[in-house]
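Model, not experiment: these values are computed from the prediction. Just so it is clear, the values below take in all heavy atoms, side chains as well, and ignore hydrogens, waters and symmetry mates.
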Amino acid sequence: MEQCEVAIVGSGFAGSLLARVLAVLGYDVVLLERGTHPRFAIGESSTPLANLSLERIGIRYGLADCYNLATHGRWLAHFPELRRGLKRGFTYYRHHPDQPFSNRGLDSERLLVAASPHDALSDTHWLRADVDHHFVRQAIAAGVDYRDRVDLASADVASQPVKLGGGRNGAPFELRANFLIDASGPNGFLARQLSIPSGLSRTETRASLVFSHFDGVRLMNEIVPGMPEGPYPDDWAAVHHLIDEGWMYSLRFDDGVTSAGFLLTPRGEATLDSPNATSDPGALWRVLLQRYPTLTAAFAEATPLMPIAYLPVIQHRLTRAAGDRWALMPHAFAFVDPLFSTGIAWGLRAIERLALAFESAAPGTRLPKLDMLERYDAALGAEADQIDLVVAGAYEAMAHFDLFAAHAMLYFATVSFAEVSQRLKPTDSVAWSGFLGVGDSILDPLPRNALGRLREITQRRGAVGSPSERRAFSEWLTEKIAPRNIAGLAEAGRRNLYPVDFDALVERHGLLEMSRGQLVEALPALRGMAKAPPFSSRSAGHPAEQSLEG
């Protein structure tokens, strides 16, 4: 029977990149894939926090491609063959049934929040077929033993080492591994083998998804011309169309392809007069488009590049993420919703954490210490709860655009504070900082409290509340995020158009526990003017002496 130190099941970007990092650390890694590459996947939108993790991984482990894939400008310069899309920020529109989107100037139901100051530093939409395949190829080049077309049927985790069994290309397949990582996705292999109980009942968010990739989707500024200029072109972003039944995402790639999907709440989907979605997803798609004239216009000449697909429930949640000799990557452990583009960032943060756990392994065993695995398990549990609460609050807030725009400030205040803090004060421990404000005395309780207040307004059935109730919620949230609001958010004078504002950042230097002079001195790094780090191979257990300053 073949043996290895680490077996990773699933070769999406998270499994492949972690396998490669462990190989760089000197581990004997086998990466197992049920299918083949390239292959379609969703979960395509990066964020500044995702890019920071990718940069840190690249710098720490000498992986230049990771650093260069962390901004749109570097991606174009170094990997133009990998398809991607420019993502300058987050765009939101509120649509109403049977009414075209109304351009009321600065009073429009429109929210734009910039995530980067210019295109070169922008986030990206990942064409996952290209990106995942790239990371698989790089893992193989780093010495990872990659096996595709593997159908695993059993795992004996109680044994030492772990025993895996199944088939490959019609022949029996067996492997022994000292440590097993499941990066396969929802209801994955290891969850079934260990009979890990579901934790879905403790979560608040529920939505179905109907989706595909399309060619020929029109730009919003073509359909609704003359909208007030925002901090970036509206469509070069993660575009969110809020509707009565839920919301629609629209992610445009640079080659003109658009990834689009409707997320529908159970209450919203039940109101639709459409054929069975499971048997005819395309019919559900057409019903939704026809309810909203502006979306109808956007997709009037669009062609799906693959059959429109339907998932009745996209949420999943388990009760454990790690144990002795095994761990789950975030997407195998829990998934909430793509509303705030948390998936890639959370997955990359987990790669950092598990890599550090292997770096600190006891020399005799070369296995992560149990206390590190317990820390990883606790972190993912708390963060899955937090993501769920933030998203559940957003779904409640969709009852009225004023509520949604106010609630969104909670997310953007949290991530902008984390991003700037990590850029200005990089440490080895940053990978363990709580995702979405977990562990922060100011931010940690806000999602739960906000959800409770929103439900008092909406009565959990979509009531819009009174103007005074909506105003009170906005004022409460503005006050609560103030100690972490370094980006000038929740200001009425912005009229829901938020650029990257370095002046606001400098004025709020005290929130970062820095003097004005210290922050001004650090601005070049935030503006993307720092020199690229040198890259060289690193030996196992000896972090490369590199920094963003070069």
Side-chain angles (χ1 to χ4, degrees), residues 2-39 41 43 53-54 56-58 60-67 69 126 128-150 152 155 161-162 164 166 168 173 175-185 188-190 321-322 325-333 344 346-361 366-368 372-373 376 431 537-541:
E2 295 183 84
Q3 292 193 220
C4 67
E5 290 184 288
V6 182
I8 299 179
V9 180
S11 64
F13 78 88
S16 299
L17 184 50
L18 179 57
R20 180 180 171 197
V21 168
L22 295 181
V24 169
L25 290 171
Y27 282 87
D28 173 23
V29 184
V30 174
L31 179 63
L32 303 173
E33 168 60 42
R34 183 173 58 182
T36 61
H37 285 275
R39 50 118 187 266
S53 282
L54 202 55
R56 288 194 297 264
I57 291 168
R60 186 173 185 87
Y61 302 106
L63 311 181
D65 63 312
C66 291
Y67 179 82
L69 290 171
W126 293 12
R128 288 285 301 277
D130 286 13
V131 177
D132 290 5
H133 194 196
H134 166 81
F135 281 127
V136 169
R137 295 194 303 268
Q138 293 298 314
I140 294 170
V144 173
D145 183 355
Y146 171 65
R147 317 278 186 93
D148 61 8
R149 299 181 178 88
V150 175
L152 292 176
V162 176
L164 298 175
R168 186 186 188 209
F173 176 85
L175 179 69
R176 291 185 179 183
N178 293 339
F179 198 91
L180 178 60
I181 297 170
D182 189 344
S184 63
F189 168 73
L190 191 52
R325 295 179 179 266
W326 64 271
L328 303 177
M329 297 300 290
H331 194 58
F333 170 66
I344 292 177
W346 200 29
L348 290 170
R349 185 76 65 88
I351 291 172
E352 292 187 271
R353 291 167 174 172
L354 287 175
L356 291 172
F358 276 93
E359 282 192 40
S360 62
R366 289 173 58 81
L367 293 171
M372 293 288 279
L373 294 171
Y376 178 84
S537 61
R538 58 161 287 171
S539 58

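Between the side chain of Arg353 and the backbone N or O of Ala431 there is at least one donor-acceptor pair closer than 3.5 Å. Proximity of a side-chain donor or acceptor of Gln3 to a complementary backbone N or O of Arg176 within less than 3.5 Å is not detected. Listed for the Tyr27 side chain is a donor-acceptor partner under 3.5 Å among the backbone atoms of Arg366. At distances below 3.5 Å, not a single donor-acceptor pair connects side-chain atoms of Arg34 with backbone N or O atoms of Gly10. In this structure, the side chain of Ser11 does not engage the main chain of Ser16 through any donor-acceptor pair within 3.5 Å.
The OH atom of Tyr67 sits 14.5 Å away from the CD1 atom of Ile57 when rounded to the nearest 0.5 Å. Between Phe173 atom CZ and Leu32 atom CG the span is 4.5 Å, to the nearest 0.5 Å. For the atom pair NE2 of His133 and CD of Gln138, the computed distance is 11.0 Å after rounding to the nearest 0.5 Å. With values rounded to the nearest 0.5 angstrom, Asp182 atom CG is found 8.0 Å from Phe189 atom CZ. To the nearest 0.5 angstrom, Ile8 atom CD1 is 4.5 Å from Ile181 atom CD1. In this structure, CG in Leu152 is found 11.0 Å from CZ in Arg168, a value given to the nearest 0.5 Å.
In this structure, Ala332 and Ser184 approach most closely via the heavy-atom pair CB-N, 4.5 Å. Heavy atoms only, all atoms of each residue included: Leu354 and Ala327 are closest at CD2-CB, 4.2 Å. Leu373 and Trp326 make their closest contact through CD2-O, 4.5 Å (heavy atoms, listed as atom of the first residue, atom of the second, distance). Considering all non-hydrogen atoms of both residues, Ala183 and Gly15 come closest at CB-CA, 3.7 Å. For Cys4 against Asp28, the heavy-atom pair with the smallest separation is CA-OD2, 3.3 Å. Here the shortest heavy-atom pairing between Arg128 and Gly43 reads NH1-O, 2.9 Å.
Ring planes of Trp126 and Phe13: perpendicular class, angle over 60° (limits at 30 and 60°).
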**Request:** Apply side-chain contact (heavy atoms from CB on, under 4.5 Å) to the pair His37 and Tyr146, showing each step before the final yes or no.
**Result:** CA-CA 11 Å; His37 285 275; Tyr146 171 65; 3.4 Å; yes
**Asked** So Asn178 and Arg325, side-chain contact (heavy atoms from CB on, under 4.5 Å) or not? Walk me through it.
**Response** CA-CA 7 Å; Asn178 293 339; Arg325 295 179 179 266; 4.1 Å; yes
**Request:** May I have the step-by-step check of side-chain contact (heavy atoms from CB on, under 4.5 Å) for Leu190 and Val9, ending in yes or no?
**Result:** CA-CA 9 Å; Leu190 191 52; Val9 180; over 6 Å; no
Donor-acceptor pairs under 3.5 angstrom involving side-chain atoms of residues 17-26: please list them, not counting sequence neighbours.
from  : atom 1 : to    : atom 2 : distance (Å)
Arg20 : NH1    : Asp65 : OD1    : 3.2
Arg20 : NH1    : Asp65 : OD2    : 3.0
Arg20 : NH2    : Asp65 : OD1    : 2.6

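Of the residues listed (Arg147, Arg39, Arg149), the one engaging Glu33 in a salt bridge (charged side-chain N to carboxylate O under 4.0 Å, His left out) is Arg39, and it is the only one.
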